[in-house]
Every structure is written in C-alpha cells, then in structure tokens.
Amino acid sequence: MTESSTERPSKKVLLLGPGDAGAELALAFERLGAAVTRMPEPPEADAVPALLAEHRPDYVVAVSADVSPAVLIAAAEADSVEVFPTPRATRLGADREALRKLAGDELGLPTVPFWFASSADELTAVAEHAGFPLVVTPLTGTVADGQSVLTRPEDVEAAWKRAFAAGPAWANRVMAETVVDVDDEVTLLTVRTTEPSGPAVQFCEPIGHRRADGAPLETWQPQELSAAALDAARSIAARIVGSLGGRGLFAVELLIHGDEVYFATVNARPFDIGMITLRSQRLSQFELHARAIMGLALDTIMVSPAAAEVGPRRPVANAALAEALSVPESDVRLLDATSVAIATAPDVVRARDRAHRVSTVVHGLGS
C-alpha cells in the first residue's frame, strides 16, 4: 500500500438530521474528498460528547431544523469542531419573535409591521390597533400548520387556537403582521465565506417562488427585479447573514413591492426552494454550502434560466418517467421524501412551462 492510499481524508463531516438535503449534501462533501457520517436521527445534547469522541469530526453540520440548538451548543464546546449553522443562527431560525426583533429592532431592516400576543385577548387588542387584514403565525414550528389570515374581529379566537396548537406548549405567543401589497416573494441564496481579508458574501441570482395549497412548490431563476430592489435585497441579505455569522449558504426570504424590499425570514442551510440550483447554476446550493464550510473557492454563476416544481415523493412508473424526461432540457430527482421536476430553457417563461409539464407527470397533477 502506498503512503497516499493510507492517508486519512482531509476533513471529516458529521451530518445531523433527517431530510433529503442530507443525501445531497453528503455527496457534495464526498466529492471534495471529505469522509461523511450521516445521522438522520438527531442525538440528544447529553449524547454529543460521546458522539464526537467516536467520530472525531472536523465539522458538525445540521441539515434540518429538527436538530435542536442545544445539540449544536454542546458540539461547539469542543475546541476541535466547527459547527454549522452556528448555534445562534439555529436558535434565531427556530424563534420567529427573536429573529424578527433582530431584523427589525436591532439591524433596522425593513419588515412589514409586526406585533406579538400571548393570549386571544392580546391578539384582539393588536387587531383593534393594527386593523384588518392581519396574518397570524405561531412563533415556532411549520408556518403552514398554524397560519391564519384575519379579516374581521370574529376570526381572532379561531386564529389564536390554531396558532397555539401548532407550536409547543411553552411557546404560548403568536406573531401578527400587517398584510402588505406584494408583487413577488423572492429567495436570495447568500453564501458567507471567510477570506484572508475577512468575511465575505456572494449572492446567487434571485429565485422567485409560489406555494399553492395542495400544489407543488414552484420556483424559477432568475426572478427579475429592478436595479434598486436588487441592491436593497443584497444589502438586507448581507446584513442578516453577517449578524448570524458562520460560513455556508443562507436562504434569505424577501417580499418585493416595486423597488421596496421587506425582510421575511432566513434559513441557515440548503432549502427546498434552492433545489432549482441543481440545474440552474454551475454549483448547486449543496456544493456551495460544502465549499463555504470547508473554506474552498466557489462561485455563484447561473448557467441557464430554470424552473422547478418540488412536491412529495409518489410512485412513478418507468413509462411515466420516460414521458417526463422527454420534455426538452428536463430532469427529475426522486429523493426519499421529495420529488423534483426541473427544466432549463433560454428564458424563464419557457422553463416554467417545461417544468410544469414534467411535474404534471411526476406529481400526478390533475389525476
């Protein structure tokens, strides 16, 4: 055996948490020569020291929100390990009140007007002050499970109960936001790296998206923005990512109205909206995340306009798969829990049409 064949991999990575992102991210790290261990079932915080002693990773990377901040805090206490996202980013990402206060009160980022309430009576007072319509969201958990739109005083009690039921018992507060006119919902994938001169950020082209009840998530890249809106979006993304710290890819969600841009939220890891980058960019969101964490050179070059539709995995017969892939410039990713229909084209309009034709077969739309 030669000396080179017995060398250990340059880096060892421990991926924590369930979800399809784990498999894609593992491949991205492995292609860079790292040895990867996946743990889809997140450990408890008290098990972390033994876990680190067993696997001796250089990096601990959470791939989903199922990994608690306590686990990452415990991992960060080991001097030899770097943790991504940072415990601070994980904690803020799981607490909409803390994140919104950071963005709006501390950083001065533009947000839609927001309030918090700890009871139905407090929510009633907020509605009387702010007026209708109002969007009510639980402070933790999945937005879709607990979000309501209030249009009259009679809606308050039901909205409070729905939001309260969607979160853990200790999170007995909700967020209420004014409904503003929005032209587009946009995600700006932002990569934070460390260069010899200090921290630096790079931006992917904006991704437009929409979610309809029961339908796959539709995304397209690039989303056209005015020069003023694009500058504002990049400024907002750079400031929130800089505050969260660490290295890696951040999905910054923004609301666009003409030249006005409002911060909505941020996810400090690859996200379902970024699946489109598997075909639209030279480096996908997973490759960008891995390179940034490992301190390697990267770029955010978009190679083609593209569109994608992301939905739950369902059985797809070989004949149906052949039909889907007969669409020009199309691709299909059948992951453990998710299926992705992707297409590229000379422009976004044609890419969206192609992706929807693929999705109609893969996701069984209209059947």
Side-chain angles (χ1 to χ4, degrees), residues 19-21 24-25 28 93 143 182-192 201-212 215-238 240-241 248-289 292 298-311 329-331 333 335 338-356 358-359:
D20 291 330
E24 294 289 336
L25 193 55
V143 170
V182 173
D183 301 322
D184 299 292
E185 297 182 21
V186 171
T187 293
L188 192 62
L189 297 181
T190 303
V191 188
R192 189 174 192 267
V201 294
Q202 295 187 44
F203 307 100
C204 299
E205 291 295 321
I207 299 173
H209 53 84
R210 67 179 183 88
R211 296 178 188 268
L217 163 69
E218 183 188 7
T219 66
W220 55 91
Q221 187 186 28
Q223 165 67 52
E224 184 177 351
L225 300 179
S226 69
L230 182 58
D231 285 345
R234 288 175 172 174
S235 174
I236 290 169
I240 192 68
V241 165
L249 179 133
F250 298 76
V252 182
E253 297 194 44
L254 306 162
L255 305 177
I256 312 294
H257 181 58
D259 291 342
E260 297 180 337
V261 182
Y262 303 96
F263 170 78
T265 190
V266 59
N267 292 280
R269 61 179 61 84
F271 201 44
D272 56 356
I273 288 171
M275 286 289 191
I276 192 173
T277 61
L278 290 168
R279 282 292 174 264
S280 64
Q281 298 189 169
R282 193 183 80 82
L283 298 174
S284 73
Q285 63 171 351
F286 306 104
E287 293 167 312
L288 292 173
H289 198 48
L298 56 86
D299 66 67
T300 55
I301 295 172
M302 190 187 77
V303 295
S304 175
E309 294 194 13
V310 183
E329 299 184 41
S330 66
D331 194 9
R333 295 293 179 97
L335 307 175
T338 304
S339 56
V340 187
I342 315 176
T344 57
D347 57 72
V348 164
V349 173
R350 278 181 281 184
R352 290 178 70 177
D353 176 68
R354 289 174 176 176
H356 186 67
V358 177
S359 181

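Everything numeric here is computed off the predicted structure, so don't read it as measured data.
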Can you measure from CZ (Phe286) to CG (Asp20) and round to the nearest 0.5 angstrom? 8.5 Å
Can you see which heavy atom on Cys204 is nearest to which on Leu188, and at what distance? O-CD1, 3.3 Å
Can you name the nearest heavy-atom pair linking Glu287 to Leu283, along with the distance? OE1-CA, 3.3 Å
With rounding to the nearest 0.5 angstrom, report the CD1 to CG distance, Ile256 to Asp183. 8.5 Å
On a heavy-atom basis, which atom in Ser226 and which in Gly258 lie closest, and how many Å separate them? OG-O, 4.2 Å
Is Pro305 close to Pro346 at the side-chain level, that is, under 4.5 Å between some pair of heavy atoms? no
Measure the spacing between CG of Leu255 and CD of Glu185 and express it to the nearest 0.5 Å. 6.0 Å
Looking only at heavy atoms, which two atoms of Val358 and Ser330 are closest? And how far apart? CG2-CB, 3.6 Å
Does Asn267 form a side chain to side chain contact (heavy atoms under 4.5 Å, CB included) with Glu253? I'd like the steps, not just the answer. CA-CA 8 Å; Asn267 292 280; Glu253 297 194 44; 3.5 Å; yes
State whether the side chain of Gln285 and the backbone N or O of Phe271 hold a donor-acceptor pair below 3.5 Å, judged by distance alone. yes
Thr344 backbone acceptor or donor facing Arg354 side chain under 3.5 Å: yes
Strictly distance-based, threshold 3.5 Å: is any side-chain N or O of Thr300 a donor or acceptor partner for the main-chain N or O of Phe203? yes
Heavy-atom check, side chain of Arg269 versus side chain of Leu249, under 4.5 Å: no
Do you know which two heavy atoms are closest between Val252 and Ala237, and how far apart they sit? CG2-CB, 4.0 Å
Heavy-atom nearest pair, Leu278 first then Glu24, reads CD2-OE1, 4.1 Å
Glu309 side chain near His356 side chain, heavy-atom distance below 4.5 Å: yes
Looking at Thr187, Val310, Thr219, which one forms a side chain to side chain contact (heavy atoms under 4.5 Å, CB included) with Ile276? Thr219
So do Glu224 and Val348 actually touch side chain to side chain, heavy atoms under 4.5 Å? no
Quick check on side chain to side chain contact (heavy atoms under 4.5 Å, CB included): which of Leu335, Leu217, Ile207 does Met275 satisfy it with? Leu335
Which residues share a side chain to side chain contact (heavy atoms under 4.5 Å, CB included) with Ala292, sequence neighbours left out: Val191, Thr193, Leu298
Tell me, do His257 and Val182 make a side-chain contact under 4.5 Å, heavy atoms counted? no
If you round to the nearest 0.5 Å, how far is CD of Gln223 from CG of Leu230? 11.0 Å
Are any side-chain N or O atoms of Asp347 and backbone N or O atoms of Val349, one a donor and one an acceptor, separated by less than 3.5 Å? yes
Would you sort out whether Leu288 and Gln281 count as a side chain to side chain contact (heavy atoms under 4.5 Å, CB included), showing the intermediate values? CA-CA 10 Å; Leu288 292 173; Gln281 298 189 169; 3.7 Å; yes
Which of His209, Arg211, Arg352 passes side-chain hydrogen bond (donor to acceptor under 3.5 Å, both in side chains) with Glu218? Answer is Arg352
